Amino acid sequence: MYGILEKEKLAPNVIHFKIEAPAVARKARPGQFVILRVDEKGERIPMSLAGWDPARGTIDITFLVVGTSTRKLSLLNPGAGVLNVAGPFGRPAEVEHYGEVVCAAGCFGVGAILPVAAALKEKGNRVVAVMEGRSKAFLFWEDRLRAVSDELVVATGDGSLGRKGWANDVIADLVNAGRRIDRVIAVGCTFMMMECSKATRSHGIPTVVSLTPIMVDGTGMCGCCRVQVGGQTRFACVDGPEFDGHQVDWDLLISKQKSYLDEELRSLNLWERANWHKLMAR
Amino acid sequence: MAADRENGLAEEKETKKKKVVRYERVPMPKQEPEVRRRNFNEVAFGYTEALARDEADRCLQCKKRPCTEGCPVNVDIPEFIAAVKEGRFEEAVRILKRKNSLPGICGRVCPQEVQCESRCTLGRKGTPVAIGRLERFCADWALANRDRVESVEKAPPTGKRVAVVGSGPAGLTAASDLALLGHHVTIFEALHAAGGVLVYGIPEFRLPKHIVQAEVEYVRSLGVELVLDFVVGRAATVDELLAEYDAVFLGTGAGLPMFLNIPGENLNGIYSANEFLTRVNLMKAYLFPEYDTPVKVGRRVAVIGGGNVAMDASRCALRLGAEEVYIVYRRSRAEMPARLEEVENAEEEGVHFRFLTNPVRFIGDERDWVKAMECIEMELGEPDASGRRRPVPKPGSEFVMEVDTVIVSLGTTPNPLIAQTTPGLETTRRGTLVADEATGKTTKRRVWAGGDIVTGAATVISAMGAGRRASRSIDAFLRGLEDF
Ligand SMILES: Cc1cc2nc3c(=O)[nH]c(=O)nc-3n(C[C@H](O)[C@H](O)[C@H](O)COP(=O)(O)OP(=O)(O)OC[C@H]3O[C@@H](n4cnc5c(N)ncnc54)[C@H](O)[C@@H]3O)c2cc1C
Ligand SMILES: Cc1cc2nc3c(=O)[nH]c(=O)nc-3n(C[C@H](O)[C@H](O)[C@H](O)COP(=O)(O)OP(=O)(O)OC[C@H]3O[C@@H](n4cnc5c(N)ncnc54)[C@H](O)[C@@H]3O)c2cc1C
Ligand code: SF4
Ligand code: FES
């Protein structure tokens, strides 16, 4: 059992947990993730590391509540714990001195990009953080992101805060304004990462994305996480999750992410029927 | 057959002068194919005491003990069978455990027909003694009569600490042997359950998980510490373990799936056997939605390959509701590496076999789901390095098979993680670790290895044997009797 020490609701559908996982905390690097299992019947689900503290032996995750596993997770409170946490998995994000770097984040990606942005800034890059959300209510941790960047630009789908639009629109603005961008890192939902990659493609700006295909083990053992990048098959859990956004076969990735849609819905419906009262009390 | 019986064999006559030789083995009760092809319960019920004693009675007690020579760990087969025959089951278990720490597992999954049973004198004229079934019977008896089996003595603590990486048959055996020798052992396992392939690969209907669980509990009862969710190479390197432990044993198996590398292989509906079996066995997708992990099986399933893994995948697919399941294998029946009993079981259950056939590309629909597979017919040419005749494509013989699920089961190779993160550990071209066959010593001081990580995908019993040999060498080293 890995104890949950802190829980915070960051946005209507995003939650932050601080979890005891000393073995992961000791070795974590920016851009890596863990695989956790809520309970005995649970799936193994990947979650990016939004922070860690080797001294206290804790890790932070921020997650979007989407299906059965993340709903189960959302019901847990400090004092309780998750059954399994393994990691750190994946290759650490590439952190070099590039110059001007845009760190674009959407939904749970705001948590995941924090350690990457911090490391990039530490390497002497000028970090422009871009944060997107459907509307103001869905934004969180602006303060934390501002603390690890040199500039923060906010965009909301409904224009309730910052620019009306999305992260890719902000990137397009920067490019159109003639701003120099040496590298873009996008972390968030697949669609957002794809749009950011499209926005930079014709300008030849190196763009890396942190892919989230469905995974099982996270150690290279199953091949479930295979993605096609530059025509080659790669296992996202060991060769990634960071890849060149201009080389990713997005259509295939999106269709693979949807491959269990029927089962996910069925699982969620059954689970909600049995647990609706707990959700109401949350 | 009648003539055979009259003739008899010289050795048989010599060994058992007055006894009538019984050439047919006592059948083991099984679920009917029509029933079992739709459930995950164990296929074979096992012998009862009476059936076991009856089968044991067939043994000729050959003086030359050919069966023992055929056993990779040299179990004293005639002795344990004699004990079964006389109803001295505790004794039979004791004899088995002397050489084999996992009889309940080996009795179920060993390829006996190419090991002990292939050497059995009775096999020359009839069917060999069902050694595997008798072994299984003894182990199941021991599990049901735990209180009657004497517990083993542990040597006094030595104060030495050993880290065992991986909890498959190699790791479990090394750990229990070392614990019995008085060392403090910690097992580090990457997954959330111990057992290696025994829990994530081999299905419930062939090896019930409570059997594996009992073995793991036994190992823990010896004082072995089990750390799950711990990937060596990620959470700690081998060098870091060496700083805290006197010796390290690597039993990390050969877990990386191979793919065909042909067009369309990343379409939806195409699984590696590892993924498919892990979902079904480790994650219990056959109990979805009670368990959260789903698995998708269509109407027409093709399983590519001819080994145990392919048999397991095909039989799981049937049980999950597939209408037609095809094993597609590029060589012929004779070359199939799978255990004979499982091939027969698969056939009885209605799995179809397409021999001398190899896929060349997968064809997807507009939503990127596989809908068909183009194959080519093969013929057998000259023998290759493995001694099996090499399959070569017949030009112009391409044809299309409609399928909506494909399970690629071409074999596995070792995960490179440990080798990549451990300086001084030499590997072969095949990615396996270089280790001494007799002792398990690797090219790095204080590091031993055994099982699939050294041999490449092999068998449970060979992994167990390697774990045992390495534990002897580690013990000798820790006691200062042997240098590294
Ligand atoms: C490397 C990596 C890092 C991730 N980091 C985060 C993070 O920091 N925060 C966060 O909220 N989400 C993260 N995700 C996505 C997260 O794992 C999924 O949202 C979660 O598994 C959904 O589970 P569910 O049962 O709630 O939803 P479901 O109803 O099962 O599925 C909803 C959608 O989530 C995806 N999904 C389902 N199962 C898995 C699985 N086993 N692995 C990956 N994706 C799956 C599918 O695309 C599916 O359509 C990450 C994914 C990966 C691969
Ligand atoms: C589907 C299937 C069916 C089979 N059927 C049979 C059969 O009928 N008869 C037979 O004799 N053999 C069979 N085999 C082969 C047999 O199971 C293997 O040869 C045997 O399990 C090898 O044992 P092992 O201990 O070397 O490795 P494994 O059983 O592979 O165990 C290795 C363990 O190490 C863990 N590990 C890996 N890397 C790390 C790391 N970095 N840190 C920590 N832990 C790690 C893995 O998670 C795993 O638990 C089958 C194999 C499969 C896949
Ligand atoms: S098992 Fe077969 S080979 Fe072994 S002693 Fe009995 S009859 Fe002889
Ligand atoms: S998740 Fe299994 S190989 Fe990547």
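Please read these numbers as outputs of a predicted model, since none were measured by experiment. All chains are named by letter (A, B, ...) in the order of the sequence lines, taking the proteins before the strands, and each is independently numbered beginning at 1.
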Option in Val227(B), Asn274(B), Thr412(B) with maximal non-hydrogen atom pairs under 4.5 Å from chain A: Asn274(B)
Region of Ile254(A) that comes under 4.5 Å of a non-hydrogen atom in chain B: neither
Which atom of His192(B) lies closest to which atom of Asn84(A), heavy atoms considered: CB-ND2, 3.2 Å
CG-CZ distance between Leu228(B) and Arg37(A), expressed to the nearest 0.5 angstrom: 9.5 Å
Ala86(A) to Ala190(B) - nearest heavy-atom pair and separation: CB-O, 4.4 Å
Evaluation steps, side chain to side chain donor-acceptor pair (under 3.5 Å), between Asn415(B) and Thr219(A): CA-CA 8 Å; Asn415(B) 195 318; Thr219(A) 66; 4.5 Å; no
Heavy-atom check, side chain of Asp229(B) versus side chain of Tyr2(A), under 4.5 Å: yes
Whether over 12 other heavy atoms sit under 6.0 Å from Arg29(A) CZ: no
Engaged part of Thr237(B) at the chain A interface, taking heavy atoms whose separation is under 4.5 Å: both
Engaged part of Glu189(B) at the chain A interface, taking heavy atoms whose separation is under 4.5 Å: neither
Main-chain N/O of Cys222(A) paired with Ser272(B) side-chain donor or acceptor, under 3.5 Å: yes
Proximity breakdown for Phe89(A) and chain B, heavy-atom pairs closer than 4.5 Å: both
Backbone N/O of Gly90(A) and side chain of Arg234(B): donor-acceptor pair under 3.5 Å: yes
Chain A contact via Leu417(B) - which portion, at a heavy-atom distance below 4.5 Å: neither
Chain B-proximal positions within residues 40-49 of chain A [heavy-atom distance under 4.5 Å]: Glu40(A), Lys41(A), Gly42(A), Glu43(A), Arg44(A)
Straight-line distance of Glu275(B) CD to Cys225(A) SG, nearest 0.5 Å: 8.5 Å
Between Ala235(B), Pro289(B), Gly253(B), the one whose heavy-atom pairs under 4.5 Å with chain A are most numerous: Ala235(B)
Rounded distance [0.5 Å steps], CG in Asp368(B) versus CG in Asp249(A): 7.5 Å
Phe259(B) versus chain A, the contacting section by heavy-atom distance below 4.5 Å: side chain
Spacing of OG belonging to Ser255(A) relative to CD belonging to Glu366(B), to within rounding of 0.5 Å: 11.0 Å
Which side-chain N or O atoms in residues 228-241 of chain A pair as donor and acceptor under 3.5 Å with protein atoms at least two apart or in another chain?
unit_1: Gln228(A); atom_1: OE1; unit_2: Asn266(B); atom_2: ND2; d: 2.7
unit_1: Thr233(A); atom_1: OG1; unit_2: Asn266(B); atom_2: ND2; d: 2.9
unit_1: Asp239(A); atom_1: OD2; unit_2: Phe235(A); atom_2: N; d: 2.9

Structural part of Lys258(A) lying under 4.5 Å from a heavy atom of chain B: neither
Between Ala23(A), Gly223(A), Cys224(A), the one whose heavy-atom pairs under 4.5 Å with chain B are most numerous: Cys224(A)
From Asp217(A) atom CG to Thr278(B) atom OG1, the distance as rounded to the nearest 0.5 Å: 7.0 Å
Part of Val216(A) within contact of chain B (heavy atom distance under 4.5 Å): side chain
Rounded distance [0.5 Å steps], CZ in Phe288(B) versus CG in Leu270(A): 8.0 Å
Enclosure of Glu122(A) CD (heavy-atom neighbours >12, cutoff 6.0 Å): no
For the student: nearest non-hydrogen atoms of Lys296(B) and Tyr260(A), plus distance: N-CE2, 3.9 Å
Pick from Lys27(A), Arg26(A), Glu264(A) with the largest number of heavy-atom pairs that fall under 4.5 Å of chain B: Lys27(A)
NZ (Lys209(B)) with more than 12 external heavy atoms under 6.0 Å: yes
